[in-house]
Amino acid sequence: MVDTALPVPSSKSRRRSGFRSGATAIWQDTNWIVRLTALVGLVLVFLALAAPLVSPFDPNAQSLLSRLKPPLGFDGAKPGYLLGTDELGRDILSRCLYGLRLTLGVALLGAMIGLAIGGTLGLVAGLRRGLFDDLIMGLVDIQIAVPFTLIALLAVALFGGDLHVLVAVLGIAYWEQYARITRGEVLRLREMPFIEAAQASGASTARIALRHILPNIVSPLVVAFTVNISNIVLLESTLSFLGLGLRPPTATLGSMVGMGRDFMPSAPWIVAAPALLILLLTFVIQMLGDWLRDHTDVRLRER
Amino acid sequence: MLEFALSRLLRMLITIFVIVTGVFFATRMSGNAVDFLAGEGLSADQRETMIAYYGLHSSIGEQYWLFIRSFFDGNFGLSFLERRPVATIVMERIGPSLQLLVGAIVVTLVIAVPAGTLAAIKRKSWLGSTIMGAAFLGYAIPNFVLAILLILIFSFWLGWLPSSGNGSWLHFIMPVTALSAALIATLTRYTRNAMLDVLSQDYLRTARAKGLPEDRVIFKHALRNALITILSVLGLQIAGLAAAGNVVIETVFAWRGIGEMLVTAALRRDYPVLQFGVLSVAVAVILINTLVDIAYGIADPRVRLSRA
């Protein structure tokens, strides 16, 4: 006879070992495209973090003698300026690196604010139901109904292009996605026997939310977070591109493309470099987000 | 049915009301309303005129009432920059925007529905994965990056297409491409998923079992059923995507539509234009979404029963 009463490991150690074997398994059935994308993503994150160390020049340092120099390898290039210079003689590579740093940093901050707002509201809506639920879901519906670009335009025009305005705008851009996911999961989980058991043993609503529900909704939220970062990068670079992001001379990838438009006929590299970097960045995040979603959503797996 | 339509319409009115109220209070809260609505640097005399014109001496409640009323009498104030009624400016801009939008939607339908259907049928072959790969690219590339790259290649490098303006049909090619890329990608994905859902249904097995030719099965039995879902996605997603896309694409190509007007107004702080422009686009999107939702409910009874 097999002894069925196996010792139950403590919840902490079980979770950790489960995660590790899960991560290994996921890496093993990953194809080379995703691996390469992940590698490129790591390089981009490293470059963003290390921008002050690896940039050859100060991103805002102007030099009248080296204005509008093309990238290395073209006629008239100036040694040292790998990607050339812009109309004020600033080094494009350095500006790209600082722009990447800012774009990624702001996007991460915005996504975290969105997660905090949306997650909390979704949790409250799911747990409390009733009026709270109706109000919060009403707000969610409105947020979905109105294209957020319009709200962002209005907000930036009204409150000015400061860093905190931008972060606030990006923070409220996609909160409704987290709210919907969290609420849906809470509604599903609250019918589960283990929640009932926790309630029966006298746990408070806050305790149930934090100890029992939150750990169980982490994975869909992580997926939403990853996908959202790409949306926020997009929104930030779009606003900056339109001239509604941070004030110059701060380099962001979007504003470099936006400002460089006037020089497209004579100096296309000014826009080409940041535009291609934005393309690479959104491509990498989108790819990783899609892949993460396909791996966590069982319903999609057979497709 | 009537109940479903009415509940949708009620929800639409509530949404519009909240947006209008939100915009009113946001614009009134952000500093001095006179500077906001009439522009800075006026003489004392002009200021008085403007205060009277916009009713700013009255209480916030009365101002709010005036603001609401302006939607019914069409008096939305004057543009700072052009010193003309906002409503006139917006009306002029609707035409070019619609041309661009209709172009993009036609292109989207013509490409995305066949591509998505093909991707579903040939799901296991290279054709299917190529289509989905292309759809991924179309979705991942930001519209302004695409627009800029198109201009760099086709205007400045090859010299084939004009880089801005809206004079001839040649002017349409790049804006429509840049605007529809994301729409095509989105709709291709939805078409594929809707087709995959339909293809696994029992009635398709029946159709095949009774010996119908495969193209008849696909086009008459599968696509027709999937089309309801596909068109409702087109309506629901695309109004919003297109409104956001228009803002960017029109700015890049100097296309004198609503989107370009909004960006110019935001950059130059022409608040009366911005305020009314944002509201009118938002209301248009909400209206379209509601109509599509109701139409979807009429076409597919399961929807109205589950959502009502």
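Worth saying up front: this structure is predicted, and the values here are computed from it rather than measured. Here is how names work: the chains are called A, B, and so on, in the same order as the sequence lines, proteins then strands, and each is numbered from 1.
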Neighbour count >12 (heavy atoms, 6.0 Å) for atom CZ, B:Arg93: yes
Residue part contacting chain A, namely of B:Val281, when any heavy atom lies under 4.5 Å: both
Within 6.0 Å of CZ in A:Phe225, more than 12 heavy atoms from elsewhere: yes
Part of residues 275-290 of chain A lying next to chain B, heavy-atom separation under 4.5 Å: A:Ala275, A:Leu276, A:Ile278, A:Leu279, A:Thr282, A:Phe283, A:Gln286, A:Met287, A:Asp290
Heavy-atom neighbours of B:Phe276 CZ exceed 12 at 6.0 Å: yes
Contacting region of B:Ile151 [heavy-atom separation from chain A under 4.5 Å]: side chain
Among B:Ile19, B:Leu262, B:Leu274, B:Val285, side chain to side chain contact (heavy atoms under 4.5 Å, CB included) partner for A:Leu150: B:Leu262
Interface moiety of A:Ser237 toward chain B, non-hydrogen atoms closer than 4.5 Å: both
CA sep, side-chain torsions, deciding dist, call: B:Leu152, A:Val271, side chain to side chain contact (heavy atoms under 4.5 Å, CB included): CA-CA 9 Å; B:Leu152 281 179; A:Val271 299; 3.8 Å; yes
Heavy-atom proximity to chain B below 4.5 Å, by part of A:Val233: neither
Of all pairs that satisfy salt bridge (charged side-chain N to carboxylate O under 4.0 Å, His left out), the ones with a partner from residues 136-154 of chain A, not counting sequence neighbours: A:Asp141-B:Arg11
Under 4.5 Å from a heavy atom of chain A, the part of B:Val283 involved: neither
A:Arg261 to B:Ile148 - nearest heavy-atom pair and separation: CG-CD1, 3.6 Å
Region of B:Leu279 in contact with chain A, defined by heavy-atom distances below 4.5 Å: neither
Considering all heavy atoms, the nearest B:Ala266-A:Ala157 contact: O-CB, 3.8 Å
Side chain / backbone / both / neither for B:Leu137 at chain A, heavy atoms under 4.5 Å: side chain
Salt bridge (charged side-chain N to carboxylate O under 4.0 Å, His left out) contacts in which one or both residues fall within residues 156-171 of chain A, not counting sequence neighbours: A:Asp162-A:Arg247
Candidate pair A:Phe241 and B:Val252, rule side chain to side chain contact (heavy atoms under 4.5 Å, CB included), full reasoning: CA-CA 10 Å; A:Phe241 170 76; B:Val252 178; 3.5 Å; yes
B:Val145 and A:Val257, any side-chain heavy atoms less than 4.5 Å apart: no
CE/A:Met259: more than 12 non-hydrogen atoms of other groups inside 6.0 Å: no
Greater than 12 external heavy atoms within 6.0 Å of B:Arg268's CZ: no
Winner by heavy-atom pair count (cut-off under 4.5 Å) against chain B, out of A:Thr149, A:Leu139, A:Leu234, A:Ile142: A:Ile142
Qualifying residues under ring pair (Phe, Tyr, Trp, His ring centres under 6.0 Å), relative to A:Tyr178, sequence neighbours excluded: none
